[in-house]
There are 2 protein chains.
Amino acid sequence: MVMASPSLEPAQLGAYFALIEVSSLLRHAVEQQLRDAGDLSYVQFQLLARLGDSPTGSHRMTDLADGVVYSRSGLTYQAQMLEQRGLVTRAPSPDDERSITVAITDDGRAVLADVFPGHIALLHESFFDTLTPDDVEHLAGVLTRVRDRMRASPPRSAAPRRRKDAAPRSA
Amino acid sequence: MVMASPSLEPAQLGAYFALIEVSSLLRHAVEQQLRDAGDLSYVQFQLLARLGDSPTGSHRMTDLADGVVYSRSGLTYQAQMLEQRGLVTRAPSPDDERSITVAITDDGRAVLADVFPGHIALLHESFFDTLTPDDVEHLAGVLTRVRDRMRASPPRSAAPRRRKDAAPRSA
DNA sequence: TATTGTTATACTCTATAACTATA
DNA sequence: TATAGTTATAGAGTATAACAATA
C-alpha cells in the first residue's frame, strides 16, 4: 500500500493540472482533426505514423503494441480496421513464423499525407505558437526524461499478459 | 489541398511526441490507481475533485461540463453513476429552475480521501521525482500558458452542425 | 426562442480469458 | 514451457438527436 500522503507543492499541482488539461484539450482537438481529415482515430494515426516512420515501413505486432496500444487484442482490432481499409497489410514474419509483420501501404501513406498538414497546423495553432523555441526545447527535454523514466518502471500492476520484469518499484 | 507539410522542427516533434506519450502513460497509470483505490474512472475523479475543491461543494451541471470538456449527455451519465453510489446529490438550483446543482456528499469526500494519497504518490513516483523544482516550475508556467491559449480559442469545433472544417490556414 | 438537462440509441474502443500455432 | 497473435465476449464511455421544462 501507499504510505502517508506526501502532498504536492503548488507548482507541482499547477504543472499536473495543466498537463492533464492541455493533453486532454489537445487530444480532443487532434482527434477531431484526424477524424475529419482522414477518418482516423488517434490510435490508428499513431500506428500509421509509426509505420511510416520506420525505414522498412513495417513493424511486428508486438513492437507496435509496446509502443502504442496497451493490450494485444486492442492492437489486433485496430490493425484489422486499418487492414480492411487497405492502409496496412499483415503477413507472417519471415524469420519468426509466430510473428506478424504489419506494413503500411501506399494508400496508408496517402492518408497520412492527407492528415499531416492539418495535424501540424493544429499543433502550431494551439501549442507551438504560444511557446518560445527555448520553451519547446526545455519541454522536450523534461518530458523525454519523464517518459524514459515511466517506460523504465511500469506502474505497480501492469500485467496485460505475463510479465517477467523484476519487481516494479514496490516500497 | 496543402502541398508539403508545414513541418515541425526536431525539438517541436520531440516535445509533441513526449507530451503525448507522457500524458498517455500517466493517464493510464492514474486510471488504474483510481480504479483500484476507489473504483473511480478518471472523469469521475475529476468531477469529484472539482466538487470537493469548490467552497460550496457543489456546481451546476453546465459548469462541470465546461470544466471537464465533454458532452452534456456524457456528464449526465457520469453524474448518474456518482449519484447511484451516493457520492453526489443532484437537486434543482434554487435560483434557476432549469439548472441542476450537483453536490458532493460525505461519502464522496471519503472516497476522495481514499484515493488521494495513492494518487499523489503515483504522481511523485512517475513524474515529479524525475524533475528538479526548476523543471516543475517551468513546466507549470509553459503548460499553463498553453492551456489558457487553448481555452481562449476553441479549436474550430464551436459549430457542431454544418459541414466538416477543411484545410486550416496553415499557409 | 434560447438555455438546461435528460433520454434513447448506436457505436467505438478496450480489456480479459480462452484458444491456436510456433520457438 | 514461453511467446506471438487471434477470437469471443462483455463492459465502459461517448456522442448525437430528439425531447421536456424553464427563462
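Protein chains get the first letters and strands the later ones, always in sequence-line order, with residue 1 at the start of each.
- Side-chain nitrogen and oxygen atoms of A/S41 include at least one within less than 4.0 Å of the OP1 or OP2 phosphate oxygen of C/dC13.
- Between A/R27 and A/D95, the residue anchored nearer the 5' end of DNA chain C, judged by the nucleotide with its closest heavy atom, is A/R27.
- Checked by distance alone, A/S71 brings no side-chain donor or acceptor within 3.5 Å of a matching partner on the base of C/dT16.
- Separating the CE atom of B/M61 from the P atom of D/dT22 is a distance of 17 Å, rounded to the nearest angstrom.
- Interatomic distance, A/Q33 CD to A/L123 CG, rounded to the nearest 0.5 Å: 8.5 Å.
- The distance between atom NE2 of B/H59 and atom P of C/dT4, rounded to the nearest whole Å, is 16 Å.
- Put simply, the side chain of A/S73 and the base of C/dA15 share a donor and an acceptor less than 3.5 Å apart.
- For the pair A/L75 CG and C/dT12 P, the computed distance is 18 Å after rounding to whole Å.
- For B/R98, counting side-chain heavy atoms from C-beta on, the closest listed nucleotide (D/dT16, C/dA15, C/dT3) is C/dT3.
- The residues B/R151 and B/D148 are annotated as not salt-bridged, no charged nitrogen and carboxylate oxygen being separated by less than 4.0 angstrom.
- Residue B/Q78 places none of its side-chain N or O atoms closer than 4.0 Å to OP1 or OP2 of D/dA12.
- The distance between atom CG of B/D66 and atom P of C/dG5, rounded to the nearest whole Å, is 10 Å.
- Atom pair B/E97:CD and D/dA20:P shows a separation of 19 Å (rounding to whole Å applied).
- With hydrogens and angles ignored, no donor-acceptor pair under 3.5 angstrom links the side chain of A/T62 to the base of D/dA4.
- In this structure, A/Q32 atom CD and C/dT12 atom P are separated by 17 Å, rounded to whole Å.
- Phosphate contact (OP1/OP2 of C/dT12, side-chain N/O of A/Q44, threshold under 4.0 Å): absent.
- Outside the 6.0 Å centre-distance limit, the rings of B/Y70 and A/H28 are not counted as a close aromatic pair.
- For the OP1/OP2 pair of D/dT14 and a distance below 4.0 Å, the side-chain nitrogens and oxygens of B/R72 include no atom meeting the criterion.
- Residue A/Y42 contributes atom OH, which lies 18 Å from atom P of D/dT14 at whole-angstrom precision.
- At a threshold of 4.0 angstrom between heavy atoms, the contacts of A/Y77 include nucleobase atoms, whether or not backbone atoms are also involved.
- Judged by distance alone, the side chains of A/S93 and A/D96 never bring a donor and an acceptor atom under 3.5 Å apart.
- If you measure from atom CD of B/Q80 to atom P of D/dA12, you get 14 Å, rounded to the nearest angstrom.
- Comparing D/dT7, C/dT22, C/dT4 by their nearest atom to the side chain of A/T76 picks out D/dT7.
- Considering every non-hydrogen atom in both B/A18 and A/L143, the closest pair reads CB-CB, 3.6 Å.
- The side chain of B/H28 places an N or O atom within less than 4.0 Å of a non-bridging phosphate oxygen (OP1 or OP2) of C/dA15.
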